[in-house]
Amino acid sequence: MVFFRRWQPVKALSFDLDDTLYDNGPHIARAEAWMLAHLRSEYLAGAMLDAERWHACKRQVLLEDPALHHDVSLARRVSLGRALREGGMDGASAERAAAEVFAGFLAERSAIAVPASTHTLLAALARRYPLVAITNGNLDLARAGLDGYFHAVYKAGAGTLMKPAPDMFVAAARDLGLAPAEILHVGDHECSDVLGARRQGYRVAWLNDGQGDWRRLSQLPDLMLSRLEELGPLLLGHEWAPS
């Protein structure tokens, strides 16, 4: 743990989800593989849809409607509908099928292997602090077994902009009834988490388990973690007794 600013106690914590509480990459890759295999096996209109065509379809959808960058769920559903229409399915059927495939993708994507140490930490922190989640993603927290720790979950989409935009940080501080400086945001991303939270006045713990170079950050966090569990002794003191 490295401190960049003098530490002051906080009253609440906000957590990023993907790649902060768990390793997200393998789960997204597995869910994408399931989705493409399901489209090819279950829908004639998806029989020729491979990864290259799928990514080209997504790129075109985002090019035509840049606002979808801020809503990963809607962007995927729109892309699925477009891919199926391009495969020959009529519009209404494509929309129904897209919703069904998206539901399956979300279930696969949310079957997350959260480390036991993360559960232990969150459970201990939740006994002392209000916790909220602030995410650009679309994880189903109940399916992932994470829903019991958080007072509220803020997700981008439906008019709410992705981090580093202020929307979710402002909403969380308002709903917690705290000044941003009384909240510690914990996240892995240099821009979405560190820059986004610092701009709104949050304290920031940067999870740098990939050995990133702090000298490249546009704004420094309050502290840098190499492991999430380092928060335990900092925030809980003698109460921190991991099994």
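Since the structure is predicted, the reported quantities are computational estimates derived from the model, not experimental observations. All residue numbers refer to positions in the sequence shown, counting from 1.
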Worksheet item: With respect to D16, which candidate in H185, K163, H189 satisfies the side-chain hydrogen bond (donor to acceptor under 3.5 Å, both in side chains) definition?
Response: K163
Fill in: Minimum-distance pair of heavy atoms, taken over all atoms of A111 and R30
O-NH2, 3.4 Å
Fill in: Closest contact, heavy atoms only, W54 versus S79
CH2-CB, 3.6 Å
Worksheet item: Going by heavy atoms in the side chains, are E108 and M35 under 4.5 Å from each other?
Response: no
Fill in: Any donor-acceptor N or O pair under 3.5 Å, side chains S93, R96
yes
Discussion item. Is it true that, when you exclude R143 itself, more than 12 heavy atoms of the residues, nucleotides or ligands shown sit nearer than 6.0 Å to its CZ?
Written reply: no
Worksheet entry | Joint cluster assignment, M89 & F105, ILVMFWY side-chain distance < 4.5 Å | yes
Item to complete: Considering non-hydrogen atoms only, spot the tightest contact between L207 and D19 and give its length.
Response: CD2-O, 4.1 Å
Discussion item. What's the separation between atom CG in N24 and atom CG in L17, rounded to the nearest 0.5 Å?
Written reply: 9.0 Å
Discussion item. Assess the residue pair R40 and D50 against the criterion (salt bridge (Lys or Arg N to Asp or Glu O under 4.0 Å)); give the C-alpha distance rounded to whole Å, side-chain angles, the decisive distance to 0.1 Å, and a yes or no.
Written reply: CA-CA 8 Å; R40 289 193 297 267; D50 57 14; over 6 Å; no
Item to complete: Enter the distance from I134:CD1 to T160:OG1 here, rounded to the nearest 0.5 Å.
Response: 11.5 Å
Fill in: Close side-chain approach of Y43 and H38, heavy atoms under 4.5 Å
yes
Worksheet item: Does a side-chain heavy-atom distance below 4.5 Å link V114 with L122?
Response: no
Worksheet item: Quick one: does E230's side chain have a donor or acceptor within less than 3.5 Å of a partner on M1's backbone?
Response: yes
Practice prompt. Show your working on side-chain contact (heavy atoms from CB on, under 4.5 Å) between L236 and R127 and close with a plain yes or no.
Written response: CA-CA 10 Å; L236 298 170; R127 288 192 288 269; over 6 Å; no
Worksheet item: What orientation do F150 and F15 show, parallel under 30°, tilted 30 to 60°, or perpendicular over 60°?
Response: perpendicular
Discussion item. Just so I know, are the side chains of S73 and F102 near enough to count as touching, which here means a heavy-atom distance under 4.5 Å?
Written reply: yes
Discussion item. Any non-hydrogen side-chain atom of V10 less than 4.5 Å from a side-chain atom of L178?
Written reply: no
Discussion item. With a 3.5 Å distance limit and no angle check, can you tell me whether Y22 reaches the backbone of A144 through a side-chain donor-acceptor pair?
Written reply: no
Practice prompt. Count the heavy atoms belonging to other residues, nucleotides or ligands that lie under 6.0 Å from NZ of K58, then report whether that count exceeds 12.
Written response: yes
Discussion item. Using a strict threshold of under 4.0 Å (side-chain N to carboxylate O), is an ion pair present between E239 and R128?
Written reply: yes
Fill in: Any L234 side-chain heavy atom under 4.5 Å of W240 side chain
no
Worksheet item: If Ile, Leu, Val, Met, Phe, Trp and Tyr residues are connected whenever their side-chain heavy atoms lie under 4.5 Å apart, and connections chain through other members, are L131 and Y202 in the same group?
Response: no
Practice prompt. Tell me, yes or no, whether the heavy-atom count around M48 atom CE, taken from other residues, nucleotides or ligands under 6.0 Å, exceeds 12.
Written response: no
Worksheet entry | Check: P221 main-chain N/O paired with R5 side-chain donor or acceptor under 3.5 Å | yes
Discussion item. Does E52, at its CD atom, have more than 12 non-hydrogen atoms belonging to other residues, nucleotides or ligands within less than 6.0 Å?
Written reply: no
Worksheet, complete the sentence: Per side-chain contact (heavy atoms from CB on, under 4.5 Å), F4 is matched among L217, L220, V204 by L220
Worksheet entry | Flag if over 12 foreign heavy atoms under 6.0 Å of CD1, I28 | yes
Worksheet entry | Connected via hydrophobic side-chain network under 4.5 Å: W206 and W7 | no
Worksheet item: Side-chain contact, heavy-atom cut-off 4.5 Å: M162 with V72?
Response: yes
Discussion item. What I'd like to find out is whether the side chain of L228 reaches to under 4.5 Å of the side chain of V186, using heavy atoms alone.
Written reply: yes
Worksheet, complete the sentence: Value for CG (L223) from CG (N208), rounded to nearest 0.5 Å, stands at 11.5 Å
Discussion item. If you compare all heavy atoms of A94 against all heavy atoms of G81, which two are closest, and at what distance to 0.1 Å?
Written reply: CB-O, 3.8 Å
Discussion item. Run the side-chain contact (heavy atoms from CB on, under 4.5 Å) test on L139 and L146 for me, step by step, so that the C-alpha distance in whole Å, both residues' side-chain angles and the decisive distance to 0.1 Å come before the verdict.
Written reply: CA-CA 10 Å; L139 182 77; L146 289 170; 4.1 Å; yes
Worksheet item: Taking all atoms of both residues into account, what is the closest heavy-atom pair of S218 and L195, and its distance?
Response: OG-CD1, 3.5 Å
Discussion item. To the closest 0.5 Å, what do you measure between CG (L80) and CZ (R85)?
Written reply: 10.5 Å
Worksheet item: How are the rings of Y149 and H119 set to each other: parallel, tilted or perpendicular (split at 30° and 60°)?
Response: tilted
Practice prompt. Applying side-chain contact (heavy atoms from CB on, under 4.5 Å), run through N138 and R109 and close with a yes or a no.
Written response: CA-CA 9 Å; N138 56 6; R109 175 262 187 283; 2.8 Å; yes
Worksheet item: Atom CG in L231, atom CG in L225: separation rounded to 0.5 Å?
Response: 5.0 Å
Discussion item. Applying side-chain contact (heavy atoms from CB on, under 4.5 Å) to R53 and E86, what does each step give before you reach the verdict?
Written reply: CA-CA 11 Å; R53 289 186 175 90; E86 290 179 351; over 6 Å; no
Discussion item. Tell me the closest heavy-atom pair linking A12 and L176, and the distance in Å.
Written reply: CB-CD1, 4.0 Å
Worksheet item: Can you tell me how far the NE2 atom of H70 sits from the CG atom of N136, to the nearest 0.5 Å?
Response: 9.0 Å
Worksheet item: Going hydrophobic residue to hydrophobic residue with side-chain gaps under 4.5 angstrom, can you get from L21 over to M224?
Response: no
Practice prompt. Report whether V153 and L184 are members of the same hydrophobic cluster (ILVMFWY, side-chain heavy atoms less than 4.5 Å apart, transitive linking).
Written response: yes
